[in-house]
Number of protein chains: 2
Amino acid sequence: MSAAPGGKGPGTIRDVARTRTDPGRAAVATRPPRLIRPADRRQQILAAAARLFAEHGFEASSVREIAAAVKILPGSLYHHFATKEDMLHAIVRDAVQRFTAQHEALEALAGDAEYRLVASVIARFRDFVDNWEVNAILWKDSALFRTREEFAYVQAAKTRSFKMQEKILVDGVRARLFRADLDVYLMIGTIARLINSAGDWFRSNVFFHSDRPDAYTLDRTVAFHVDCVLRLVRAPERIAEPIDPAWLAITG
Amino acid sequence: MSAAPGGKGPGTIRDVARTRTDPGRAAVATRPPRLIRPADRRQQILAAAARLFAEHGFEASSVREIAAAVKILPGSLYHHFATKEDMLHAIVRDAVQRFTAQHEALEALAGDAEYRLVASVIARFRDFVDNWEVNAILWKDSALFRTREEFAYVQAAKTRSFKMQEKILVDGVRARLFRADLDVYLMIGTIARLINSAGDWFRSNVFFHSDRPDAYTLDRTVAFHVDCVLRLVRAPERIAEPIDPAWLAITG
DNA sequence: GTCTATACAGTGATAGAC
DNA sequence: GTCTATCACTGTATAGAC
């Protein structure tokens, strides 16, 4: 049986899944509150831009569309952002900060490799659903972030994520929780693609075909994918071991 | 042990993986051959368009770029195609025909559910790599094909693919080759996303991080993913069963 | 902070000469 | 079958009034 900590305190899956950043916190703290803060408008624009970028891609989205979405004229956008690309930077920087916070929470997590793997899968899936727009952008327009030097910090975050996953998988193999013949390199990518594409599917619940309108809840879908990942990595003799239900009950 | 047919004749994985369509065959057969057939120029344009659509998306690709790629002037493209969208239709119709041929070959395949599942995974992965451009388009611009009615035939092909996969998985569960608790609906999508995203990764061998420049051959990568899929679906007591190496030796 | 007005390059597509 | 020339429109971005 895979070992996990008590379930309370600062080292549980729950804490990782709840990891959030708090943008604009400093500004609010140092100034008296206003009825309409300027940051709101900016965030409103970013939200609209993120949605369009996620749905049509960055290149295919126009500033006219973004402006229309926030009921403003195109020219007025340039009071808030210098270029369209600056909007993309603002959007993905938020996400990169969130990823960093998640990584730190995961690395501080007590428990064995399997517990940490489950925690990372759940955190990743939930983040994808909670922040679908930016995750879809990073996922679908990944060529853009790979190619352009201005977005090197995105790749850096992905590398950190890779290293963390590598440590988890290697630890698991050493502890004989995971298969001895596990190809860690291929498996890290496979799990990442599995979770990302599943999160994307879950959000745009369309799938291949139109029939079968069943309601797959978030918890059920997360449990399914945790089960998938464990089947891929677990040592054969542990394949049928149940998963601690407490690990999955993190809907908050 | 999972049962498969002899290995020769018209019912092997090899035949499915080799499924191809032969566009322009009829035209060539009924006319005397020329030094430069008009179909060549058309195919040349389609190839360039497919590449650009795959790399930047349909919307973000311009007819000027396509024209430049085939060293022609933008206006001349409209002698071959009425609209940019017509080019996309020509590209995806080819792929849909190929999918249909693959489905028929798979449905005509002798052997049990596991053998057919392995065949479908291999065929799909290899098709994704062999015809990367159109598969990437269908994969990355999937929202376009889902939304627009003119592309309903693409969705129809995906539905046929879903039904076929459903039959394979249900057959496998009935035959007790696969897990009794298998969620067929979720698993079909999971396998499809796993293979598609893996094919995309394999082609643009970049991954998350820049280190580790190992050479993963096509055969090795296919074997890895076949193994993954079988781990996801197999009954627990069959999890460690070896895969017939002959099933994988289809590089032809 | 948003507006009006606009610059100017790029977009898909067309007409007719060669 | 390709070219030249051009259309109407949309693309990002800017300047200055309010």
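Numbers restart at 1 for each chain; the letters A, B, ... are given by sequence-line order, proteins then strands.
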Checklist outcome for this item: From CG of B/Asp40 across to P of D/dT2 the rounded distance in Å is 12 Å
Checklist outcome for this item: Of the listed C/dT2, D/dC3, D/dA13, the closest approach to the B/Ile72 side chain comes from D/dC3
Item to check | Length of the line joining B/Phe81:CZ and D/dT2:C1', which is rounded to integer Å | outcome: 15 Å
Next on the checklist: Looking at A/His79, I'd like to know whether one of its side-chain N or O atoms comes within less than 4.0 Å of OP1 or OP2 on C/dT2.
Outcome noted: no
Next on the checklist: Can you tell me which nucleotide in C/dA13, C/dT2, C/dT4 comes closest to the side chain of B/Lys84?
Outcome noted: C/dA13
Next on the checklist: Between B/Asp127 and B/Arg124 (salt bridge meaning N to carboxylate O under 4.0 Å), is one present in this structure?
Outcome noted: yes
Item to check | Nucleotide C/dG10, atom P - distance to CG of B/Leu52 in whole Å | outcome: 16 Å
Item to check | B/Ser76, nearest nucleotide to its side chain (from D/dT2, C/dC3, D/dA13) | outcome: D/dT2
Checklist entry - Between the side chains of A/Asn196 and A/Asn135, does any donor sit under 3.5 Å from an acceptor? => result no
Checklist entry - Short question: side chain of A/Thr190, backbone of A/Leu186 - any donor-acceptor pair under 3.5 Å? => result yes
Checklist entry - Quick one: CG on A/Leu46 to CE on A/Met87, what's the gap to the nearest 0.5 Å? => result 8.0 Å
Checklist outcome for this item: Atom NE2 of A/His56 and atom P of D/dG11 are separated, to the nearest Å, by 12 Å
Item to check | B/Tyr78 OH to D/dT4 P, straight-line distance once rounded to whole Å | outcome: 17 Å
Checklist entry - Among C/dA13, C/dT4, D/dG1, which is the nearest nucleotide to the side chain of B/Thr83? => result C/dA13
Checklist entry - Ignoring hydrogens and angles, does a donor from either the side chain of B/Arg64 or the base of C/dG10 sit under 3.5 Å from an acceptor on the other? => result no
Checklist entry - Which whole-number value in Å describes the distance from A/Glu59 CD to D/dT10 C1'? => result 16 Å
Checklist entry - Which of these nucleotides, D/dG1, C/dA13, D/dT12, is closest to any side-chain atom of A/Val63? => result D/dT12
Item to check | Atom-pair distance (CG on B/Leu73; P on C/dG12), nearest Å | outcome: 15 Å
Item to check | First encountered from the 5' end of DNA chain D, between A/Glu65 and A/Gly75 | outcome: A/Glu65
Checklist entry - Hey, would you say the B/Phe58 and A/His56 ring centroids sit under 6.0 Å apart? => result no
Item to check | Distance in angstrom units between B/Leu77 CG and C/dA13 P, rounded | outcome: 10 Å
Next on the checklist: Taking the minimum atom-to-atom distance to the side chain of A/Arg41, which one of D/dT4, D/dG1, C/dT2 wins?
Outcome noted: C/dT2
Checklist entry - Between D/dC3, D/dT12, C/dG1, which one does the side chain of A/Ser62 approach most closely? => result D/dT12
